[in-house]
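Reading through the structure tokens given below for one structure.
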Amino acid sequence: MTRALPEPTYRRFVAGLGTFSLRPFDLAEDVTTLHSWVTQPYARYWGLLTASVADVHAEYLRIAESAHHQAFLGEHDGRPAFLMERYEPSGDVVGRTYDVAPGDIGMHVLVAPPVVPIPGFTGAVFETIMDSLFSDPLVDRVVVEPDVRNVKIQALNARMGFRKHSVVRLPDKQAWLSFCTRDQYADAFANERGGLLTSSLP
């Protein structure tokens with residue numbers, strides 16, 4: 001008998017692209033899929049290029065057992081398509097690099113390698129993640145810390161409304177500490193959303 005996967009915690013429909021959803025990462029079902037993503041060259045900034053399946057399992061078991069860090073598997077029309085992690089900066093090393101404010105939430109995102117590139121797909125993934133984070137009334141600001149060499153994600157962050165704060169030294173990288181408030185995110189997408197028919201189920 002097939003074991004049921006966790007139910008989505010967030011779902012969003014994007015006209016022309018389909019349905020995007022987030023559910024809790026399942027250690028029994030999702031590790032092999034994630035391993036196939038993080039060991040590809042495009043995911044080098046994730047830091048698991050040479051990891052084994054057992055290494056990935058151990059890392060996400062650590063996250064599952066954490067009181068301040070959660071992982072979610074993102075799906076597109078029911079198929080694995082991206083990973084999102086959210087964490088409390090006060091419980092993470094990044095919280096030592098700035099004055100953490102109430103309502104801050106940290107975020108990491110990894111999009112699966114595309115089988116066939118779809119225009120607008122990565123932006124829709126990122127918007128789904130931001131919408132899901134801000135659907136929590138306790139979240140006022142999203143915190144990210146991309147590697148300073150990862151210019152692609154920095155450009156996408158800027159498009160979503162993130163503003164660079166400072167370069168900080170973390171144990172595994174030199175990173176651009178960046179913030180995005182609710183208002184900054186709303187302003188960034190005010191015009192782009194005008195032509196999209198979307199519906200969300202928090």
Side-chain angles (χ1 to χ4, degrees), residues 2 4-26 29-30 32-34 36-38 40 42-43 45-46 70-87 103-146 150-164 176 178-202:
T2 303
L5 290 169
E7 287 295 314
T9 57
Y10 189 83
R11 185 181 291 117
R12 175 173 171 269
F13 175 74
V14 181
L17 289 177
T19 299
F20 295 81
S21 59
L22 286 158
R23 62 168 173 79
F25 188 85
D26 189 293
E29 298 293 334
D30 299 331
T32 300
T33 296
L34 181 57
S36 73
W37 301 349
V38 299
Q40 294 195 38
Y42 86 96
Y45 295 116
W46 207 255
Q70 298 169 289
F72 296 83
L73 198 286
E75 295 182 335
H76 173 234
D77 289 339
R79 295 183 295 274
F82 59 100
L83 180 81
M84 186 266 279
E85 296 175 11
R86 58 176 285 165
Y87 66 89
D104 281 358
I105 194 72
M107 181 270 284
H108 300 142
V109 57
L110 178 69
V111 180
V115 177
V116 177
I118 301 173
F121 185 83
T122 300
V125 165
F126 209 116
E127 187 177 358
T128 298
I129 288 172
M130 294 294 285
D131 284 356
S132 74
L133 293 172
F134 283 129
S135 72
D136 181 345
L138 297 180
V139 171
D140 295 321
R141 184 170 68 166
V142 180
V143 181
V144 294
E145 15 70 35
N150 192 348
V151 294
K152 287 185 177 181
I153 195 66
Q154 290 172 41
L156 185 55
N157 288 343
R159 175 182 155 193
M160 295 294 151
F162 281 89
R163 295 178 184 172
K164 291 179 175 178
W176 261 115
S178 306
F179 304 116
C180 183
T181 65
R182 285 179 181 273
D183 288 345
Q184 288 165 356
Y185 175 59
D187 289 345
F189 261 83
N191 293 328
E192 292 193 40
R193 282 180 171 175
L196 289 177
L197 174 64
T198 65
S199 62
S200 300
L201 291 175

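Residues: numbered from 1 along the sequence shown. Both backbone and side-chain heavy atoms feed into the values below; hydrogens, waters and symmetry mates do not. Just so it is clear, the model here is predicted, and its values are computed rather than measured.
Among residues at least two apart or in separate chains, salt bridge (Lys or Arg N to Asp or Glu O under 4.0 Å) pairs with a member in residues 70-86 are Arg23-Glu75, Arg86-Asp136.
In this structure, the ring pair (Phe, Tyr, Trp, His ring centres under 6.0 Å) partners of His108, at least two apart in sequence or on a different chain, are Tyr87. Considering only residues two or more places apart in sequence or on other chains, Tyr45 meets the side chain to side chain contact (heavy atoms under 4.5 Å, CB included) condition with Asp147, Arg149, Asn150. Legend: residues meeting side chain to side chain donor-acceptor pair (under 3.5 Å) with Lys164, ordered by chain and number and at least two apart, are Gln154. For Arg182, the side chain to side chain contact (heavy atoms under 4.5 Å, CB included) test picks out Phe134, Asp140, with sequence neighbours left out. The side chain to side chain donor-acceptor pair (under 3.5 Å) check on Trp46 picks up Tyr60, with sequence neighbours excluded.
The minimum heavy-atom distance between Ala188 and Arg159, with the atom names listed, is CB-O, 3.4 Å. Taking both residues in full, the closest heavy atoms of Pro24 and Asp30 are given as O-OD2, 4.3 Å, listed atom of the first, atom of the second, then distance. Residues Pro113 and Trp37 share a closest heavy-atom pair of CD-CD1, 3.5 Å. For the residue pair Gly120 and Leu17, the shortest heavy atom distance occurs at O-CD1, 3.8 Å.
Taking CG of Leu156 as the reference point, atom CD of Glu127 lies at 11.0 Å (rounded to 0.5 Å). A distance of 12.5 Å separates CG in Leu138 from CG in Leu133, rounded to the nearest 0.5 Å. Atom-to-atom distance recorded for Arg12:CZ and Ser21:OG is 12.0 Å, nearest 0.5 angstrom. Remark: Trp176 CH2 to Arg163 CZ distance equals 14.5 Å, nearest 0.5 Å.
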Side chain to side chain contact (heavy atoms under 4.5 Å, CB included) between Phe126 and Ile153: does it pass, once the steps are laid out?
-> CA-CA 10 Å; Phe126 209 116; Ile153 195 66; 4.0 Å; yes
Steps toward side chain to side chain contact (heavy atoms under 4.5 Å, CB included) verdict (Asp131, Tyr185) | CA-CA 9 Å; Asp131 284 356; Tyr185 175 59; 2.7 Å; yes
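The shortest side-chain heavy-atom distance between Ser132 and Phe72 does not fall under the 4.5 Å cut-off. Counting heavy atoms from C-beta on, the side chains of Phe82 and Ile129 come closer than 4.5 Å. You'll find the side chain of Leu73 stays beyond 4.5 Å of the side chain of Asp26, heavy atoms only. No side-chain heavy atom of Thr128 sits under 4.5 Å from any side-chain heavy atom of Met84. Residues Met160 and Asn157 are not in side-chain contact: their nearest non-hydrogen atoms beyond the backbone lie 4.5 Å or more apart. Annotation: side chain of Leu34 is in contact with side chain of Leu110 (closest heavy-atom distance under 4.5 Å).
Ring-plane geometry between Phe121 and Phe20 is classed as tilted, the angle between the planes lying from 30 to 60 degrees on a 0 to 90 degree scale.
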